[in-house]
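The analysis underlying the following values was restricted to heavy atoms, covering all of them including side chains, and did not include hydrogens, waters or symmetry mates. Only a predicted model underlies this, so the values are computations on that prediction, with no experimental measurement involved. Residue numbers start from 1 in every chain, and the chains themselves are labelled A, B, ... in the order their sequence lines are given, proteins ahead of strands.
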Amino acid sequence: MDTQTTPPSPRSDFIRDIVAADLREGRHETVVTRFPPEPNGYLHIGHAKSICLNFGIADEFGGRCHLRFDDTNPVKEEQEYIDSIMTDVRWLGFDWGEHLYYASDYFEQLYEWALHLIREGKAYVDDLSAEEIRAHRGTLTEPGTPSPWRDRSVEENLDLFDRMRAGEFENGARVLRAKIDMASPNINFRDPVMYRILHVAHPRTGDAWCIYPSYDFAHGQSDAIEGITHSICTLEFQDHRPLYDWFIENLPVPAVPHQYEFARLNLTHTVLSKRVLLKLVNEGHVRGWSDPRMPTLSGIRRRGFPAEGLRDFAGMIGVARADSVVEIEMLEHAVRDVLNRTALRRFGVLDPVKVVIENYPEDTVEHMEVVNNPEDESAGTRTVPFARELWIERDDFMEDPPKKFFRLAPGREVRLRSAYFITCTHVVKDADGRITEIRCTYDPETRGGNAPDGRKVKATLHWLSAAHAVPAEVRLYDHLFASPNPGSGGSDLFEDLNPQSEVVLASCFVEPSLAEVPVGQTVQFERLGYFCPDPDSAPGAPVFNRTLTLKDTWAKLQAQGRQDA
RNA sequence: UGGGGCGUAGCCAAGCGGUAAGGCAGCGGACUUUGGAUCCGCCAUCCGUAGGUUCGAAUCCUACCGCCCCAGCCA
């Protein structure tokens, strides 16, 4: 559930400026955008940027945004991806209403338009093989040479194209090409392929077709059919814009959409290439597409990131045309910001060590009232059982503490959150010298966590009654790739995988109320971080994923070797 | 040595001829029953470089440098 306390300030960027001007100056009455995924994989956080842009603009300017599947290549596309994409867009918080479309809905119209270009002498059937076409295309610095089939008669082209559709030819035997300019410095103008033969069943049209339009021949016309006003895509399509416009100008389309390009998202410590993500899954480096370390929206969701955090992030990074790599800390900040306001606080002990309170009665259990969220009074309080034997975090005790270690140590008094002040008297160790028990006394006057005499402690610890704590598995997640720019400098991406990206702790404890937290809800384990139940949880065997740690200045000091500074 | 883009702080990013917003990160400090959160302060004499125009340039002009994209019957 999302709560809106800090709506991201409506950001202005060059695309929103264009939309605003077009509306102001009457070029359009309402803005219509579209998010056009190809259903050949799972959506990732890069797509989230585009989704937030397209749906965001529609929302802000009172227009609408279509969800359109760009399903022109049945070789790669599957219904499974269509379903997951719709789930992910909805989860992100956007609604396309009844405006769900498929490029495949337009196949018949596109075919008619192809015929139109043939009749105009602006398209022809080419018998060249793929290799031959490539050879004829020329290079970046040399013009191409025309295909020997370039000047076929309109009648012959019509006949051949009709037979292509009828299935008379093998895959790759012929293609339909636009007849533009084999010498153009823009390679996209060197007679681009409009249709190819693919004897492959399509997830939506089945085997109704064996010729399929290319992206270039489908995208702009689909935009025109839907009345898209601003067709927003990423930078690598810039060189296609003249071709996009060429088809629109040369076809009797019902509207004139325009394409605008922005820089795609890059994030440190992660990779957003479909090829690499697929390899991570196929080679078993992760637990599948929805692994909590994956940058996929399904992975991010399983990790416990709230959709609102992603939307805020999209607003923070802006939209521009300069290639950039956003530090993942920005995403983490956006997520922490939401979670800090919304997440319920709970107690969990990841690396337990026993505390025995020597002057606390053996058979007593108290139910301490604990605040659910200090940032949100309406979240109320809960009750946590307290008794003589407790679990605390092993890290929260040091026998010989450095100067800046404020937690428990021999002779030192600290507060157990919402419970009592305790003072360590001594420790018990096993034969290997490992601490097995920390013996303490408590001050009955400090119930709730305050001393009537006003004395202070320097630390507050989380704790769990050993008799009541629920065993749990906790999976600690960190960046999938160790270096900020994996694979840069020609290094092998997979060498860069962070071996610590998932650390499974099998023997943790959580407070009893955590048994009721549903998958999808992220809570804060006080002083540790944000965690959420994983779908792998079983009755009586909960599994929690660490979404993010809390910021930790002590850990930072340790990392810097400044504990004694 | 073709074409298309882009260069403002460690990162993202405003700025559109009148003298460098904001956020992230970082650093100090205050406060704190989460070493969390919050709060306060610091962090670009300078906008890829060099010239030019102008009373005045990150914004205009010229040249140069650097980076990205394009030679799929992928999108």
At under 4.0 Å between heavy atoms, what does Gln560(A) touch on the DNA or RNA strands: base, sugar-phosphate, or nothing? sugar-phosphate
When you get a sec, tell me which of G4(B), A75(B), A71(B) is the closest nucleotide to the side chain of Arg137(A)? A71(B)
At under 4.0 Å between heavy atoms, what does Phe313(A) touch on the DNA or RNA strands: base, sugar-phosphate, or nothing? nothing
Minimum-distance nucleotide to Ala130(A) side chain [options: G2(B), C73(B), G35(B)]: C73(B)
Under the 3.5 Å rule, do the base of G36(B) and the side chain of Glu526(A) count as making a donor-acceptor pair? no
When you compare U19(B) with G29(B), how far apart are their P atoms, in angstrom units rounded to a whole number? 36 Å
Does Val325(A) reach a base, just sugar-phosphate, or nothing at all? Heavy atoms under 4.0 Å. sugar-phosphate
Provide the distance between the two P atoms, one in A21(B) and one in A9(B), to the nearest whole Å. 14 Å
Searching all strands shown, indicate the nucleotide that pairs with A25(B) (Watson-Crick or G-U wobble; both distances under 3.5 Å). none
Which residues share a side-chain contact (heavy atoms from CB on, under 4.5 Å) with Glu226(A), sequence neighbours left out: His66(A), Arg68(A), Tyr101(A), Tyr106(A), Ile228(A)
Within the 4.0 Å heavy-atom criterion, would you say Arg345(A) contacts the bases, only the backbone, or no part of the nucleic acid? base
Out of A71(B), A37(B), A13(B), minimum distance to the side chain of Ser324(A) belongs to A13(B)
Out of C73(B), A25(B), A71(B), minimum distance to the side chain of His333(A) belongs to A25(B)
U8(B) versus A14(B) - spacing of their C1' atoms, nearest Å: 10 Å
Interatomic distance, Asp216(A) CG vs C70(B) C1' [rounded to whole Å]: 12 Å
When you look at Lys551(A) and Lys556(A), which way does the side-chain contact (heavy atoms from CB on, under 4.5 Å) test go after all the steps? CA-CA 9 Å; Lys551(A) 292 220 272 181; Lys556(A) 189 190 287 181; over 6 Å; no
The nucleotide from C24(B), A71(B), A75(B) with an atom nearest the side chain of Ser214(A) is A75(B)
Pair of N/O donor and acceptor under 3.5 Å linking A75(B) base with His240(A) side chain: yes
Which value, in whole Å, describes the distance between the P atoms of nucleotides U1(B) and G66(B)? 10 Å
Give me the distance, rounded to whole Å, that separates C74(B) from A20(B) when you measure between the C1' atoms they each carry. 44 Å
Is Arg196(A) close to Arg174(A) at the side-chain level, that is, under 4.5 Å between some pair of heavy atoms? no
Please list each protein N or O that sits under 3.5 Å from an N or O in nucleotides 65-69 of chain B, with the distance.
{"unit_1": "C68(B)", "atom_1": "O2'", "unit_2": "Asp323(A)", "atom_2": "OD2", "d": "3.3"}

Look at the side chain of Arg527(A) and the base of G35(B), then say whether one donor and one acceptor between them are separated by less than 3.5 Å. no
Pick base, sugar-phosphate or nothing for Lys458(A), based on heavy-atom distances below 4.0 Å to the nucleic acid. nothing
Can you tell which of G26(B), C73(B), G72(B) lies closest to the side chain of Val175(A)? C73(B)
Output the single nucleotide from G2(B), C16(B), U34(B) whose closest atom is nearest the side chain of Arg417(A). U34(B)
Base, sugar-phosphate or nothing for Thr460(A)? Non-hydrogen atoms, less than 4.0 Å. sugar-phosphate
Taking the side chain of Lys551(A) as its heavy atoms from C-beta onward, which of A37(B), C24(B), A71(B) lies nearest to it? A37(B)
C6(B) and C42(B), which share atom name P, separated by this distance in whole Å: 35 Å
Give me the distances for all protein-to-nucleotides 28-30 of chain B N/O pairs that come in under 3.5 Å?
{"unit_1": "G28(B)", "atom_1": "OP1", "unit_2": "Arg562(A)", "atom_2": "NH2", "d": "3.4"}

C1' atom, G22(B) versus A57(B): distance in rounded Å? 23 Å
Reckon Pro374(A) touches a base, only the sugar-phosphate, or nothing at all at heavy-atom distances under 4.0 Å? base
Mind checking whether Phe217(A) and Trp113(A) have ring centres under 6.0 Å apart? no
Decide yes or no, distance alone: a donor-acceptor N/O pair under 3.5 angstrom between the base of U38(B) and the side-chain of Glu375(A). no
Should Asp71(A) and Glu38(A) count as side-chain neighbours, where that means a heavy-atom distance under 4.5 Å? no
Is the distance between the ring centroids of Phe237(A) and Tyr215(A) less than 6.0 Å? yes
Sort out for me which residue in Tyr420(A), Phe347(A), Tyr442(A) forms a ring-ring contact (aromatic ring centres under 6.0 Å, His included) with Trp463(A). Phe347(A)
